[in-house]
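Whatever order the structure lists ligands and atoms in, that order sets their numbers, starting from 1.
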Amino acid sequence: MSFTIKNIIPVIAAKWYGNDDTCPIDNVSIDSRSLQNGSGTLFFALVGHNHDGHYYIESLIAKGVSNFVVHHIPENLNGKANFLVVKDTLESLQQFAAYYRKLFNIPVIGITGSNGKTIVKEWLNFLLSPEYNIIRSPKSYNSQVGVPLSVIGINEKHNLGIFEAGISTTNEMEKLEPIIKPTIGILTNIGTAHDEGFSDRRQKISEKLRLFQHTEVLIYQKNDTIDSLLDAKLKTFSWSFDDPKADVVIQKQGNSLNITYQEHHFSVTVPFQDAASVENTIHCLMTLLYLGYAESVIQERIPNLYPMEMRLQVKNGIHNCTIIDDSYSSDYQSLKIALDFLEQHKTHQKKTVILSDIFQSGFPVDELYSKVAHLLTRNKIERVIGIGETISRYLSDFKGFIPFKNTSDFLNQYNPAAFENETILVKGARNFHFEEIVTLLEEKTHETVLEINLNAISHNLNFYKSKLKPGTKVMVMVKAFGYGSGSFEIAKLLAHHKVDYLGVAFADEGIALRNAGIDMPIIVMNPENSAFSAMVAYNLEPEIYSPEVLKRFITLAQQKNLSNYPIHIKLDTGMHRLGFEAGNLNELIELLQHNNFVSVKSIFSHLSASDGPEFNDFTLHQIHTFDQWSQQIITALQIQPIRHILNTSGIYNFPEYQFDMVRLGIGLYGVGNDENEMKQLENVGTLKTVILQIKEVPTGDSVGYSRKFRATHQTRTATIPIGYADGIPRSWGNQKGYVMIKNQKAPIIGNICMDMLMVDITDINCKEGDSVILFGEQPRVTEIAKTIGTIPYEILTSISQRVKRIFYKE
Ligand SMILES: *Cc1c(COP(=O)(O)O)cnc(C)c1O
């Protein structure tokens, strides 16, 4: 890309304020954290419900960025950079991308649908790359922001684009269509995802179909509803399992697809059995047919499709290393994303990148590797282990470069002592089999993991933030190890989202966060006297709940010569757990009057039944009492503290009583208190393990302790290495509960043991080593809690620390 500010101004109808409109622009960015930002960057300051790119401009100028598309020029920054002022910065980004797209006259495959977009895109890339130089959306960049950023990656060398588009409500596709401008359309399928954003299924389909309004063809599975909504002029290329009117009729027989197309019959082996993967495979196959590929090529390539991990995973490594596993792709675009991710998630100063040869950049080889070297330098990577002949040749001058001819050479010479206290990004093309490297570097623990989806946490945070009045502050509760989800990683994400406060239960939880480098304000809800001193040393702010505690803390503050140390006053308005009561208020006021050792940062109370509509009167009474008492303190002391009373269900059910701040807990972790709220949250944690052993249990035999399960017919069972010591409630056994294997329910039979449990897999086609889901999308933790008569909080926080937590970002 090479533009000047002058070229761009008319494209986005901007007003220009600056001193140099000849500034060259060679990349765009929306992420202030990206180390790819530099003097050639045009930064779009996007504004969302809960984030505002304008906020970061000052620090970006300090980093050398000098061109910004803004809605307004932040105070004091006038004259310090080039500002292109527009009405709506997102719209400008989209306008620029659409303009950029028009500069390239190449075929583009545009993919939309409810599921399978990313996998179809990745597979097509794999299938078509022998013939084409392909640009595709990195990862699942398919949103209003992701699509423009993907398209802006096109360069002169590309001769095919593959982009996906995802929408969650009306009028969104209208904006994506001119940016992608697809020539070939693929509709993967229509499921229930995002139904809530549309009035009905037909509306959702029509919206999706807008992507195809100018395509030369649409590839889809024939379906009456879709047909009734299609523009009669649109040319289609359809397939079906049963409708003979489709262009291609397909019959599935075991591992084979028998295909009838234009009177020809041929069959193709599919490497998958599950319905979704078969459908995705067929969409790829249809594209090859449409592009005129010979049957023999199709028959040769389709069986080589492979399941793929689209996510960057963060794992614990040997010798206190952190591994970022991106061992399935190696194009230039995704290298940039992975390096940004590395920067954001590094737990150590030292950074190593293990990188294979890079394919499909669209650049000539020498230009590509000089760009790669530049990226690595800019990201301050100290050590690069290059695997492959090309990278070894072209990066040999890079400082800290260690070459290997191929993966086996690296594995043969592998020395674990060479990796210690560092963050390692492992990134390679699929045929380099870097998963073997990850296996070596990964800390060995059992295969039970709790996967934490960091995107879902951001989504949930934004959902609750969208319920807040402008200016309402947010405290997020990360007590009890972040409700079982891991406190440090989540705190780090929350710091990025500029949450105002973190809440922990005990001082040592706060100290652990400080030791991990979290510097946001942290309030300790249950401060014990013995921990006061340590709290002060670590700058943690105590909840003060009684005159005695206040006196003791003031004495300590006096001894330590502190002034205005922040404290938080807790009022007991009906919960009767901790807090000052009506009879203590005068004493509280007296103690605080003319006292400069401490300063009341906030006054708060806690609701005991904000989730129970039957207790609404009681809740309103609590809120009213809180308002009165806190006013009394404020008036007497002439102070302006932050007032707060709402927890998650309070935010949802009593939005008018936010006062100055809310305290978000369980909602962040994906649990709401009713169906409607749940629908808007994303699942955060997935507890997973694998099948250890499979057995055939004859009729009449029993399974497990106390012979609780008796086989009334020949039963196939699987033993799963997770038990009540890992936090699976024993009451979830004996056919009350189930696990998911291959997307099917396998009932838990017999008593759950300490470290294992057994399930019935008679009707499931699975094998030892296959993945097992204990909870996640299904069953949700809420379902388990309801069945066994407890609350999701208890289940989440009971998952044992011996279960490894893995954090990932889509
Ligand atoms: C745990 C806690 C919260 C958060 O409650 P959720 O129901 O999880 O939102 C809020 N305030 C206090 C004082 C808490 O202890």
Q: Which one of M575, K479, E543 has a non-hydrogen atom at the shortest distance from atom 15 (O) of ligand 1?
A: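 Nearest heavy atom to atom 15 (O) of ligand 1 lies in K479.
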Q: Checking Q658 against T472: is there a side-chain donor and acceptor pair closer than 3.5 Å?
A: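 Side chains of T472 and Q658: pair found under 3.5 Å.
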Q: Please check whether G667 reaches ligand 1 - meaning an N/O of the residue sits under 3.5 Å from an N/O of the ligand, judged on distance alone.
A: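 No; the residue has no nitrogen or oxygen that sits under 3.5 Å from a nitrogen or oxygen of the ligand.
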Q: Counting each atom of ligand 1 from 1 as listed, which ones have a heavy atom of R577 under 4.0 Å away?
A: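 Going through ligand 1 atom by atom, the ones under 4.0 Å from R577 are 15 (O).
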Q: Name the one of H51, H496, H497 that satisfies side-chain hydrogen bond (donor to acceptor under 3.5 Å, both in side chains) with S458?
A: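 Single side-chain hydrogen bond (donor to acceptor under 3.5 Å, both in side chains) partner of S458 among H51, H496, H497: H497.
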Q: Heavy atom under 4.0 Å from ligand 1: found in H568's side chain, backbone, both, or neither?
A: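 For H568, no heavy atom sits under 4.0 Å from ligand 1.
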Q: Please confirm whether the ring centroid of F659 lies under 6.0 Å from the ring centroid of H644.
A: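 No, too far apart.
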Q: Identify whether the distance between the nearest side-chain nitrogen and carboxylate oxygen of E677 and K467 falls below 4.0 Å.
A: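 K467 and E677: not salt-bridged.
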Q: Of the protein's non-hydrogen atoms, which lies at the shortest distance from atom 5 (O) of ligand 1, and what is that distance?
A: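 Result for atom 5 (O) of ligand 1: N647 CB, 3.5 Å.
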Q: Would you mind running through ligand 1 and noting each atom that sits below 4.0 Å from a heavy atom of Y483?
A: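 The list of qualifying atoms is 1 (C), 4 (C), 5 (O), 6 (P), 8 (O).
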Q: For ligand 1, which is the ligand I care about here, please tell me if L664 has any N or O atom under 3.5 Å from one of the ligand's N or O atoms.
A: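 No: no nitrogen or oxygen of L664 is under 3.5 Å from one in ligand 1.
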Q: Step by step, work out the salt bridge (charged side-chain N to carboxylate O under 4.0 Å, His left out) result for R514 and D519.
A: CA-CA 6 Å; R514 288 281 183 253; D519 58 9; over 6 Å; no
Q: Run the contact test for H644 against ligand 1 with a 4.0 Å cut-off on heavy atoms, strictly below, and give the result.
A: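 Checking ligand 1 against H644, which is what was asked, there is no heavy-atom contact under 4.0 Å.
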Q: If only side-chain N and O atoms count, and only distance matters, is there a donor-acceptor pair under 3.5 Å linking Y464 with Q680?
A: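 No - no donor-acceptor pair under 3.5 Å links their side chains.
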Q: Are any of the N or O atoms of K570 closer than 3.5 Å to those of ligand 1?
A: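 It does not: no N or O of K570 is found under 3.5 Å from an N or O of ligand 1.
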Q: For Q640, look at atom CD and say whether over 12 heavy atoms of other residues, nucleotides or ligands are found less than 6.0 Å away.
A: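 For Q640, atom CD is not crowded (no more than 12 foreign heavy atoms under 6.0 Å).
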Q: State the atoms of ligand 1, each with its element, that fall below the 4.0 Å cut-off from a heavy-atom position in Y793.
A: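 In order of numbering, the contacting atoms are 6 (P), 7 (O), 8 (O).
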Q: Assess whether atom CZ of F626 is packed by more than 12 heavy atoms of other residues, nucleotides or ligands within 6.0 Å.
A: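 Correct, the count exceeds 12.
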Q: What are the atoms of ligand 1, with element, lying closer than 4.0 Å to any heavy atom of I666?
A: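 Those atoms are 6 (P), 8 (O), 9 (O).
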Q: Please write down residue, atom name and distance for the protein heavy atom closest to atom 9 (O) of ligand 1.
A: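 Ranked first by proximity to atom 9 (O) of ligand 1 is T648 OG1, 2.4 Å.
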Q: Polar-atom distance check: S649 versus ligand 1, any N or O pair below 3.5 Å?
A: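 Looking only at distances, the answer is no, because the N/O contact criterion of under 3.5 Å is not met.
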Q: Looking only at protein heavy atoms, identify the closest one to atom 11 (N) of ligand 1 and say how far it is in Å.
A: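 Its nearest protein heavy-atom neighbour is R663 NE, 2.7 Å.
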Q: Does NZ or CZ of K570 fall inside the cone over Y545's six-membered ring, less than 6.0 Å from its centre and within 45° of the axis?
A: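 Relative to the ring axis of Y545, which defines the angle, K570 lies outside at least one limit.
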Q: Check whether the ring centres of Y565 and F553 lie less than 6.0 Å apart, and answer yes or no.
A: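 Under 6.0 Å, so yes.
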Q: Nearest to atom 12 (C) of ligand 1, what protein heavy atom do you find, and at what distance?
A: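 Of every protein heavy atom, H606 CE1, 3.4 Å lies nearest to atom 12 (C) of ligand 1.
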